[in-house]
Amino acid sequence: MKVAIMPSDKLIEVEYGTTIMEALRMADIRIDAPCGGNGTCKKCKVKLITEEGEHTVLACQTEITGDVTVDISRKDEGHRILMGGISRDVALNPAVRAVTVKVPEPSTSDLRSCWDRLRDAAAKAARIDPALIRPNVELISRLYCTLEENKYKVDVVFCENEILDVVPPGSPVLGLAYDIGTTTIACYFVDLRSGAQLAQGSLLNPQTAYGADVIMRIKYSVENGVEELTGAVRQALNSLAAKCAAEAKKSLVSVYLITIVGNTCMHHLFMGISPASLAYAPYTPAVTDPIQARAADYGFSVNGSAKLYMLSNIAGFVGADTVGGALAAAMDEAEKLTLLIDIGTNGEMVLGTKNRRIACSTAAGPAFEGALITYGMRGAEGAVDHAAFRDGRFVYSVIGGVKPKGICGSGIIDLLSELVRIGLVDSGGRLLMGDEIEAEEGKLFKDRVRLINGMRAFVIADEAESDGGEKILFTQKDIREVQLAKGAMAAGIRLLARRLGVSVDDFEVIMIAGAFGNYMSPQSACGIGLIPPKLGDRVVGIGNAAGQGAKLCLLSAAEYRRAESLGKSTEYLELAADPDFQDTFVDQLEFPAK
Ligand code: FES
């Protein structure tokens with residue numbers, strides 16, 4: 001069957017019965033598939049144009065049975081990805097450094113090889129034992145010409161005891177730091193001579209086409225192999241690097257060091273490691289050690305000798321991103337009892353001080369990122385990002401100041417917290433209707449709660465108010481999704497405290513990392529009991545701490561070593577194995593009483 005894909009004008013041929021989603025993947029086009037193609041999220045709608053006319057279908061559920069045109073054009077939503085975050089000043093001392101060297105010219109009295117003369121002079125300048133420096137054959141192949149062209153004065157680029165390159169004096173020495181999130185990828189392009197950030201970039205993780213959360217991606221890679229997912233993420237990292245280099249007007253050939261953080265699944269999939277062990281209890285990772293490798297072996301189009309430094313993982317569901325966040329937050333020096341929560345597609349937490357830290361992960365799911373919520377969307381133009389009932393009116397704000405298309409995580413938390421506060425949602429999570437509503441303030445808004453397609457729903461915006469001309473709803477099912485996510489996180493917080501022998505009231509600082517943590521209102525998070533209600537004034541948003549941790553490791557070899565010891569010294573609590581988890585989880589499903 002012939003499939004024309006608009007607006008890219010690609011034309012491919014597929015077998016009869018191939019789904020549109022499969023066809024798009026064959027054409028290297030990835031559209032969002034938060035439910036992993038199960039037909040439940042309804043977020044993969046495309047326009048199908050056949051001889052009979054055009055209609056909107058779910059790409060994952062629609063088989064191609066004739067020649068068709070598929071229109072996937074959507075307005076670019078300009079997703080909001082958080083780049084900045086908590087960081088610290090560190091002494092610039094990257095693992096990669098350039099040393100200016102005057103190499104002796106060959107003469108009848110010095111018949112040593114080009115490499116010997118370079119190695120000995122470079123070792124002396126860098127104060128390294130020359131016996132530790134191994135030959136770099138790729139470099140040696142062009143060494144004579146490089147030395148001649150530069151009149152025997154060159155910069156030697158070292159990574160620890162290894163010579164990576166020989167370049168004209170003053171040539172750029174650059175690095176890239178990445179945070180591979182389940183949903184988004186952030187990239188920082190840094191001048192390693194000055195420590196200055198030259199550019200930064202971000203994009204949605206193309207693996208979202210295989211499911212919104214790590215479980216769906218693990219399942220896909222166990223069934224189909226890791227190649228597709230590995231290829232997709234490596235391609236994304238390269239395209240971000242190219243974008244940053246173009247913006248900074250630099251060449252990627254000058255990139256000698258790359259640091260990467262990501263959750264354990266993202267780490268494994270990037271490295272081409274099967275995440276199968278994460279699929280089955282007791283969910284062990286394939287590797288936790290920090291990994292140092294040659295960047296080119298992992299698909300990077302940078303200098304052929306460039307190094308790749310992966311930060312360590314802690315456990316199957318507490319990965320290098322948590323280590324990076326804890327490093328940026330300097331939890332290994334914390335005097336105050338600190339809770340670090342990274343609320344992304346999953347919820348990872350670390351509780352403790354410089355003396356002892358314990359981490360856990362909660363299967364919060366992607367509800368806080370808008371996935372699996374009927375009108376949920378990421379924080380992009382058209383998303384309701386804040387909502388409140390004020391002076392008898394329902395008010396909300398929309399990113400970009402346009403008509404609303406859906407609701408993102410911060411809006412979801414606000415709305416639910418407010419629905420609980422005014423008595424439209426009871427402590428068990430039931431959305432109340434008509435005479436069930438007892439609270440006076442709730443009664444003012446009873447017309448907004450309706451039975452739609454057999455399900456209770458709160459109307460955020462009606463047809464006239466919304467962008468697409470259809471009602472935007474927050475349904476009873478959506479409330480249950482958020483309730484499960486917040487129950488899991490709140491239970492994790494309590495069990496961490498119990499394991500550490502402290503009470504939640506003892507927490508002195510609550511750091512919330514991740515985009516959602518940055519935009520959500522701490523009061524609303526307390527309002528639904530995601531964070532212990534009394535602790536709202538101890539909450540600080542720390543932005544993309546994981547990405548900042550990767551950047552610290554790029555700027556300082558000492559920080560990279562510190563990340564390793566932080567990862568090793570952080571204990572891990574497996575919530576699923578904790579006998580109190582189930583009871584605590586059930587307790588924490590309740591919304592705080594008003
Ligand atoms: Fe198609 Fe979810 S309904 S990906």
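When a ligand or atom number is given, it counts from 1 through the structure's own listing order.
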Qualifying residue for side chain to side chain contact (heavy atoms under 4.5 Å, CB included) with T584, from L495, L575, I493: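 Testing T584 for a side chain to side chain contact (heavy atoms under 4.5 Å, CB included) against L495, L575, I493 leaves exactly one candidate, L495.
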Please give me the protein atoms (N, O or S only) lying under 2.8 Å from atom 1 (Fe) of ligand 1, ordered by chain and number.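 N, O, S partners closer than 2.8 Å: C44 SG, C60 SG.
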Carboxylate-amine/guanidinium proximity below 4.0 Å for R456 and E436: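 Counted as a salt bridge, because a side-chain N and a carboxylate O are separated by less than 4.0 Å.
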Basic-acidic side-chain contact under 4.0 Å: R25, E22: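 Salt bridge flag = no for E22 with R25.
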Between S277 (side chain only) and T284 (backbone N and O only), is there a donor and an acceptor less than 3.5 Å apart?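 Yes; judged by distance alone, with no hydrogens or angles, the pair exists.
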Whether Y396 and F394 hold their rings parallel, tilted or perpendicular, with breakpoints at 30° and 60°: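 Y396 vs F394 ring planes: tilted.
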Can you confirm if the aromatic rings of Y298 and F300 lie within a centre distance of less than 6.0 Å?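 Not close enough - the centres of the two rings lie 6.0 Å or further apart.
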